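Below: the structure, in structure tokens.
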Amino acid sequence: MSKFKVMVTDYEYETLEYEEKVLEEIDAQFLKAQARTEEEVIEAAPEDIEGLLVQYAQIGEKVFKALPDLKVVARYGIGVDTVDLKAATEYGVKVVNVAEYCQDEVSDQALALLLACARKTVLLNNDVKAGNWDFNVGKPIYRLRGRSLGIVGFGKIPHKLAEKTAAFGLELLVYDPFVDEGVEEEYGVELVELDELMEKADFISVHAPLNEKTRHMISTKEFKLMKESAFIVNTARGAVIDEAALIEALENEELAGAGLDVTEQEPIEKDNPLLEMDNVIINPHVGWYSEDALVELKTRAAEGVADVLVDNKPKYLVNQDVLDK
């Protein structure tokens with residue numbers, strides 16, 4: 001009989017071999033489900049389940065109450081907005097994530113979207129494939145060197161973005177009320193308030209985590225501050241930007257365009273006006289992905305579960321307050 005019981009609530013991966021390998025090492029039975037709502041998770045999980053691996057499933061108080069032996073919830077990814085952290089802490093459940101994976105991938109994605117917006121790459125590609133050959137379609141295009149990039153949130157991923165954009169000669173503006181001391185000198189950035197960043201930046205890259213304070217932190221007021229020639233890029237979470245306000249701002253030509261790897265509703269609704277805008281690039285939340293990052297993600301998420309179950313301190317514990325329980 002296995003020492004532990006762990007279930008993956010839902011997944012889109014072709015294989016779970018990396019999780020299985022980690023959990024075998026602690027003699028854990030590994031169950032698989034495709035449950036995304038709390039009710040579905042409760043129905044799929046045995047009452048004595050001790051660990052959950054979660055991709056998209058919603059995990060809240062109903063789950064914690066129904067599964068009294070649950071000790072750990074591990075999220076495939078950095079963001080944990082699908083897990084009720086307050087309820088988890090109240091029920092003594094540790095929530096872990098994979099905080100340090102895909103840093104190169106997401107910063108590369110942000111840079112790729114920035115460059116595609118600046119050089120009108122997607123617009124011109126589509127026009128050529130439609131049978132035209134006219135660079136004027138992309139006007140106006142401006143030189144990057146000497147322009148400014150505003151970075152909203154300055155954690156490890158935007159640190160890498162700052163390093164990568166240095167070669168393009170962009171002035172770097174940063175808004176982050178929780179930024180570490182010394183980053184201005186280390187990364188060559190200027191710390192500013194959000195309003196000043198929105199007003200001055202030629203490109204804005206969003207990297208803030210999604211929580212109660214950051215939901216729709218960029219909305220109508222912020223878009224009205226932007227230059228008409230400026231672009232906004234989002235590789236964080238869709239709801240950090242008020243999508244309805246973004247659509248209105250684009251329709252009113254208050255900014256030049258957007259590069260979005262994330263949207264408020266994923267998959268994006270088929271009637272979303274953003275899909276019809278030539279100055280908007282949308283990718284299907286792919287910024288995290290590379291084959292290398294995928295292996296790292298799956299292995300470390302399973303290791304987070306295993307650490308908690310064998311009483312090791314997990315490397316990426318999100319709700320630190322649970323240690324007081």
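Quantities reported herein were computed from a predicted structural model and do not represent experimental measurements.
A distance-only check finds a donor-acceptor pair linking the side chain of Arg145 to the backbone of Ala167 [under 3.5 Å]. The backbone N or O of Gly238 lies less than 3.5 Å from no partner atom in the side chain of Thr263, so there is not a single donor-acceptor pair. Formation of a donor-acceptor pair under 3.5 Å by the Ser229 side chain with backbone atoms of Leu255 is not found in this model. Although no hydrogens or angles enter the test, the distance criterion places no donor-acceptor pair under 3.5 Å between the side chain of Thr165 and the main chain of Leu170. Within the 3.5 Å criterion, the main-chain N or O of Thr121 finds no donor-acceptor partner in the side chain of Asn125. Not one N or O on the side chain of Asn252 forms a donor-acceptor pair closer than 3.5 Å with the backbone of Glu254. A donor-acceptor pair is defined here as one N or O able to donate and one able to accept, closer than 3.5 Å; such a pair exists between the side chain of Glu222 and the backbone of Ser219. Side-chain atoms of Thr214 come within 3.5 Å of backbone N or O of Pro209 as a donor-acceptor pair. Side chain of Asp10 to backbone of Tyr56: a donor-acceptor contact under 3.5 angstrom is found. Within the 3.5 Å criterion, the main-chain N or O of Lys94 finds no donor-acceptor partner in the side chain of Asn319.
Across all their heavy atoms, Ala118 and Leu144 have their closest contact at CB-CD2, 3.9 Å. In terms of heavy atoms, Pro314 sits closest to Gly304 at CB-O, 4.4 Å. The two residues Lys62 and Ile42 come nearest to each other via the heavy atoms O-CD1, 3.5 Å. Taking each heavy atom of Val6 and Ala28 in turn, the nearest pair found is CG2-CB, 4.2 Å. Val95 approaches Ala88 most closely through the heavy-atom pair CG2-CB, 3.6 Å. Minimum interatomic distance between Gly257 and Leu250 (heavy atoms only, all atoms of both residues): CA-CD2, 3.8 Å.
Transitive grouping of hydrophobic side chains (ILVMFWY, heavy atoms separated by less than 4.5 Å) keeps Val137 and Val128 in distinct clusters. Linking Ile, Leu, Val, Met, Phe, Trp and Tyr residues whenever their side-chain heavy atoms come within less than 4.5 Å leaves Leu197 and Leu191 in two separate clusters. Hydrophobic clustering (side-chain heavy atoms under 4.5 Å, transitive across Ile, Leu, Val, Met, Phe, Trp, Tyr) groups Leu246 together with Ile218. Hydrophobic clustering, with ILVMFWY side chains joined whenever heavy atoms are under 4.5 angstrom apart, keeps Val73 apart from Val310. Cluster membership check: Leu70 does not share its hydrophobic cluster with Phe4, using side-chain heavy-atom separations under 4.5 Å among Ile, Leu, Val, Met, Phe, Trp and Tyr.
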Report the C-alpha distance between Arg215 and Leu210 in whole Å, list the side-chain angles of each, state the deciding distance to 0.1 Å, and finish with yes or no for side chain to side chain contact (heavy atoms under 4.5 Å, CB included). CA-CA 6 Å; Arg215 182 178 293 275; Leu210 179 62; 3.8 Å; yes
Run Tyr11 and Tyr76 through ring-ring contact (aromatic ring centres under 6.0 Å, His included) and show every step you take. CA-CA 9 Å; Tyr11 61 98; Tyr76 286 113; 8.4 Å; no
With side chain to side chain contact (heavy atoms under 4.5 Å, CB included) as the criterion, how do Val189 and Val179 come out once you've worked through the C-alpha distance, each side chain's angles and the decisive distance to 0.1 Å? CA-CA 12 Å; Val189 303; Val179 73; over 6 Å; no
CA sep, side-chain torsions, deciding dist, call: Phe30, Leu16, side chain to side chain contact (heavy atoms under 4.5 Å, CB included): CA-CA 10 Å; Phe30 188 35; Leu16 296 173; 4.0 Å; yes
Given side chain to side chain contact (heavy atoms under 4.5 Å, CB included), test Leu161 with Ser205 step by step and report yes or no. CA-CA 9 Å; Leu161 178 63; Ser205 189; 3.6 Å; yes
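If you take CG on Asp278 and CG on Leu124, they are separated by 11.0 Å, rounding to the nearest 0.5 Å. For the atom pair Leu31 CG and Met7 CE, the distance stands at 7.5 Å (nearest 0.5 Å). In this structure, CG on Leu294 lies 6.5 Å from OH on Tyr13, to the nearest 0.5 angstrom. Separating the CD1 atom in Ile26 from the CD atom in Glu303 is a distance of 10.5 Å, to the nearest 0.5 Å. If you take CD on Glu163 and CG on Leu172, they are separated by 11.0 Å, rounding to the nearest 0.5 Å. Taking CD from Gln55 and CG from Leu297, the interatomic distance works out to 8.0 Å, rounded to the nearest 0.5 Å.
Counting heavy-atom neighbours within 6.0 Å of Glu266 CD, excluding the residue itself, gives a total above 12. Around atom CD of Gln320, more than 12 heavy atoms belonging to other residues, nucleotides or ligands sit under 6.0 Å away. In Glu193, the CD atom is not crowded: 12 or fewer heavy atoms of neighbouring residues, nucleotides or ligands sit closer than 6.0 Å. Few gaps surround NZ on Lys32; more than 12 heavy atoms of other groups in view lie less than 6.0 Å from it.
Residues Lys3 and Glu50 form no side-chain contact, since every pair of their non-hydrogen atoms from C-beta on lies 4.5 Å or further apart. Residues Leu323 and Leu317 are in side-chain contact: their nearest non-hydrogen atoms beyond the backbone lie under 4.5 Å apart. Leu194 is listed as a side-chain neighbour of Met198, based on a closest heavy-atom distance under 4.5 Å. Val8 is not listed as a side-chain neighbour of Glu19, based on a closest heavy-atom distance of 4.5 Å or more. The shortest distance between side-chain heavy atoms of Phe168 and Leu115 falls below 4.5 Å. Under the 4.5 Å side-chain criterion, counting only non-hydrogen atoms from C-beta, Tyr316 is in contact with Glu100.
Salt bridge annotation for Lys5-Asp48: present, with a cationic side-chain nitrogen under 4.0 angstrom from a carboxylate oxygen. With respect to the salt-bridge test (charged N to carboxylate O, under 4.0 angstrom), the residues Asp81 and Arg75 do not qualify. Between Asp108 and Lys160, no side-chain nitrogen of the basic residue sits less than 4.0 Å from a carboxylate oxygen of the acidic one, so the salt-bridge criterion is not met. Salt bridge present: Arg36 and Glu12 bring a charged side-chain N and a carboxylate O closer than 4.0 Å. Residues Lys65 and Glu61 are not paired through a salt bridge, judged by the lack of any N-O separation under 4.0 Å between the basic side chain and the carboxylate.
Using cut-offs of 30° and 60° on the angle between ring planes, the pair Phe203 and Phe231 is parallel.
Tyr289 and Glu291 form a side-chain donor-acceptor contact under 3.5 Å, judged by distance and modelled atom types alone. Side-chain contact of Glu243 with Asn272: a donor-acceptor pair under 3.5 Å is present, judged by distance alone. Donor-acceptor pairing under 3.5 Å is lacking for the side chains of Asp321 and Thr89.
A cation-pi geometry, defined here as NZ or CZ lying under 6.0 Å from the six-membered ring centre and within 45° of its normal, holds between Arg147 and Tyr142.
Screening Lys164, His159, Lys156, His207 for a side-chain hydrogen bond (donor to acceptor under 3.5 Å, both in side chains) involving Ser107 leaves a single residue, Lys164.
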